[in-house]
Amino acid sequence: MIRAVVFDVGECLVDETREYGTWADWLGVPRHTFAAMFGAVIAQGRDYRETFGEFQPGFDLYEQREARAAAGRQEHFGEDDLYPDVRPALAELRSAGLWLGIAGNQTTRAGTILRELFADDVDLIGTSDDWGASKPDPLFFDRVAEVVPYEPGEILYVGDRVDNDIRPAVAAGMPTALVRRGPWATIQWASEEALRLPAFRVESLSELPDAIADFNARARRPSRTTG
C-alpha cells in the first residue's frame, strides 16, 4: 500500500518558467533561444546545465547563482509560480490520511522558500543541499527512505523526470508517478522507461488521490487461490 507521497519540486510543484527566463536574461540571450537550446540539450540526453555552457563556455552554475544573488537577482519563486493543482491535491491527499513530503534538488535558499510556502501542508521538506546528495544519486533516495516513517515500497515519489526522478526512485524500491508537464516530461513521455517504470502516469496532480485510493484498494483485496 502507498502510505506516503513525496514530491519533486521543479516542474512538479513549481512552474520554473520565470526562473529559466531570468537565466536567459542574465546570459543576455533571447528567452525563446534559451528555451530552444534547453529543450535540445534535454532531447539529446545531456545534463541540462550544459545549456548554459552553449551560450557562455566555462559557465559555472554555482558561481553564477552567487553572482546573481550579489546583484540582487537571486533565485525566487512564490505562490504565483505554483501549478494550480498543487494546493488542492495536497489538501485532498492530506485528508485521505497520507504522509506528505517534498524533496528535490534545491539550494538552501530554495529550501527556505519551500518551508515558507508549505510548512503547514506537508510533514517534511528536504533538499539536496540539506542532505549533501543530489538526484539521481542513490544516496538522495536513501535519505528519503530514512526520513519517511514507512518502508520504501510504501512511499510514492512524484516527479517530472524519468532520469532524475522515476528511474532512481524505482531502483530504491519506491513506486513512482510521472506527471506530464515541463520540458523533461514533455520530451521523455513516450520513452520506453516512461511507459514502463511509473506506477502512475498523470496529466495533473489532481489525478493522484483517486489513483492512490484505487491502488490501495487493490492492495487490500485478498488474493484468490485455486485448489
Side-chain angles (χ1 to χ4, degrees), residues 7-87 89 102-114 116-118 127-129 134-137 140 158-168 178-194 201-206:
F7 295 89
D8 174 42
V9 179
E11 298 307 333
C12 182
L13 303 178
V14 178
D15 182 339
E16 296 182 307
T17 299
R18 178 166 64 166
E19 177 64 8
Y20 286 120
T22 302
W23 274 118
D25 298 343
W26 181 254
L27 288 165
V29 299
R31 291 187 173 197
H32 71 283
T33 302
F34 181 87
M37 181 58 71
F38 195 94
V41 167
I42 294 170
Q44 293 166 10
R46 296 157 60 191
D47 189 309
Y48 80 97
R49 288 169 290 192
E50 294 182 39
T51 305
F52 301 93
E54 294 288 343
F55 298 106
Q56 189 179 113
F59 184 94
D60 185 298
L61 184 58
Y62 177 81
E63 290 180 358
Q64 292 297 317
R65 188 178 282 129
E66 293 300 307
R68 272 184 53 182
R73 299 167 65 181
Q74 62 265 35
E75 64 176 322
H76 175 74
F77 56 90
E79 190 70 31
D80 290 345
D81 298 297
L82 301 184
Y83 280 102
D85 57 3
V86 171
R87 295 289 186 196
I102 296 172
N105 284 352
Q106 302 293 324
T107 63
T108 299
R109 173 176 172 75
T112 299
I113 298 171
L114 289 168
E116 292 171 353
L117 288 169
F118 295 107
T127 71
S128 52
D129 270 13
S134 299
K135 297 180 294 182
D137 188 334
F140 179 94
V158 185
D160 65 298
R161 294 181 60 173
V162 173
D163 51 340
N164 259 29
D165 302 324
I166 305 305
R167 186 192 302 148
L178 178 64
V179 58
R180 187 181 187 180
R181 58 188 175 209
W184 280 278
T186 300
I187 291 169
Q188 298 174 345
W189 188 252
S191 69
E192 186 271 337
E193 285 184 305
R201 287 161 50 90
V202 298
E203 301 282 347
S204 167
L205 299 183
S206 63

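Just so it is clear, the values below take in all heavy atoms, side chains as well, and ignore hydrogens, waters and symmetry mates. The structure displayed is predicted, hence computed values, not measured ones. Heads up: numbering here begins at 1 and tracks the sequence.
Using a 4.0 Å cut-off between a side-chain N of Lys or Arg and a carboxylate O of Asp or Glu, Asp60 and Arg49 do not qualify as a salt bridge. Using a cutoff of 4.0 Å between basic side-chain nitrogens and carboxylate oxygens, Arg161 and Glu11 are not scored as salt-bridged. Glu193 and Arg167 are joined by a salt bridge, as a carboxylate oxygen and a charged side-chain nitrogen come within less than 4.0 angstrom of each other. Between Asp165 and Lys135 there is a salt bridge, with a side-chain nitrogen of the basic residue lying less than 4.0 Å from a carboxylate oxygen of the acidic one.
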Exercise. Could you go step by step and tell me if Gln56 and Leu27 meet the side chain to side chain contact (heavy atoms under 4.5 Å, CB included) rule?
Worked result: CA-CA 8 Å; Gln56 189 179 113; Leu27 288 165; 3.9 Å; yes
Exercise. Run the side chain to side chain contact (heavy atoms under 4.5 Å, CB included) check on Phe118 and Val86 step by step: do they pass?
Worked result: CA-CA 11 Å; Phe118 295 107; Val86 171; 3.9 Å; yes
For this session: Apply side chain to side chain contact (heavy atoms under 4.5 Å, CB included) to Gln64 and Trp26, showing your working.
Result: CA-CA 9 Å; Gln64 292 297 317; Trp26 181 254; 2.8 Å; yes
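In summary, the aromatic rings of Trp184 and Phe38 are positioned with their centroids under 6.0 Å apart.
Taking the side-chain contact (heavy atoms from CB on, under 4.5 Å) definition, one finds that Pro30 meets it with His32, Thr33, sequence neighbours left out.
Looking at heavy atoms from C-beta onward, Arg65 lies out of side-chain contact with Gln74 at the 4.5 angstrom threshold. In this structure, Leu13 and Leu205 have side chains that are in contact, with non-hydrogen atoms separated by less than 4.5 Å. Residues Tyr20 and Asp25 have side chains not in contact (no heavy-atom distance under 4.5 Å, counting atoms from C-beta outward). For the pair Arg181 and Tyr83, the minimum side-chain heavy-atom distance is below 4.5 Å.
Side-chain N or O atoms of Arg68 include one that pairs as donor or acceptor with a backbone N or O of Arg73 at under 3.5 Å. Looking only at distances, a side-chain donor or acceptor of Arg109 sits under 3.5 Å from a matching main-chain atom of Glu75. Checked by atom type and distance alone, the side chain of Arg201 pairs as donor or acceptor with a backbone atom of Trp189 at under 3.5 Å.
A donor-acceptor contact closer than 3.5 angstrom links the side chains of Asp85 and Ser204. Under the 3.5 Å distance criterion, with hydrogens and angles disregarded, no donor-acceptor pair is assigned to the side chains of Asp129 and Thr127. The closest side-chain donor-acceptor pair between Ser128 and Gln106, if any, does not fall under 3.5 angstrom.
The two residues Pro168 and Pro136 have their closest heavy-atom pair at CB-O, 3.7 Å. Across every non-hydrogen atom of Ala185 and Val179, the tightest pair is CB-O, 3.3 Å.
Taking CG of Asp80 as the reference point, atom CG of Asp15 lies at 11.0 Å (rounded to 0.5 Å). The structure places SG of Cys12 at 11.0 Å from CG of Leu82, a figure rounded to the nearest 0.5 Å. Note that CG of Asp47 is 9.0 Å distant from CG of Asp163, once rounded to the nearest 0.5 Å. Between the OG1 atom of Thr107 and the OH atom of Tyr62 there is a distance of 10.0 Å, given to the nearest 0.5 Å. We find the CG-CG distance between Asp8 and Asn105 to be 7.5 Å, quoted to the nearest 0.5 Å. Taking CD of Glu16 as the start and CD of Glu19 as the end, the distance is 7.5 Å to the nearest 0.5 Å.
In this structure, Arg31 is not positioned above the aromatic face of Trp23 in the sense of NZ or CZ being under 6.0 Å from the six-membered ring centre and within 45° of the axis. In this structure, Arg18 forms no cation-pi arrangement with Phe77, as its terminal cationic atom is not both closer than 6.0 Å to the ring centre and no more than 45° off the ring axis.
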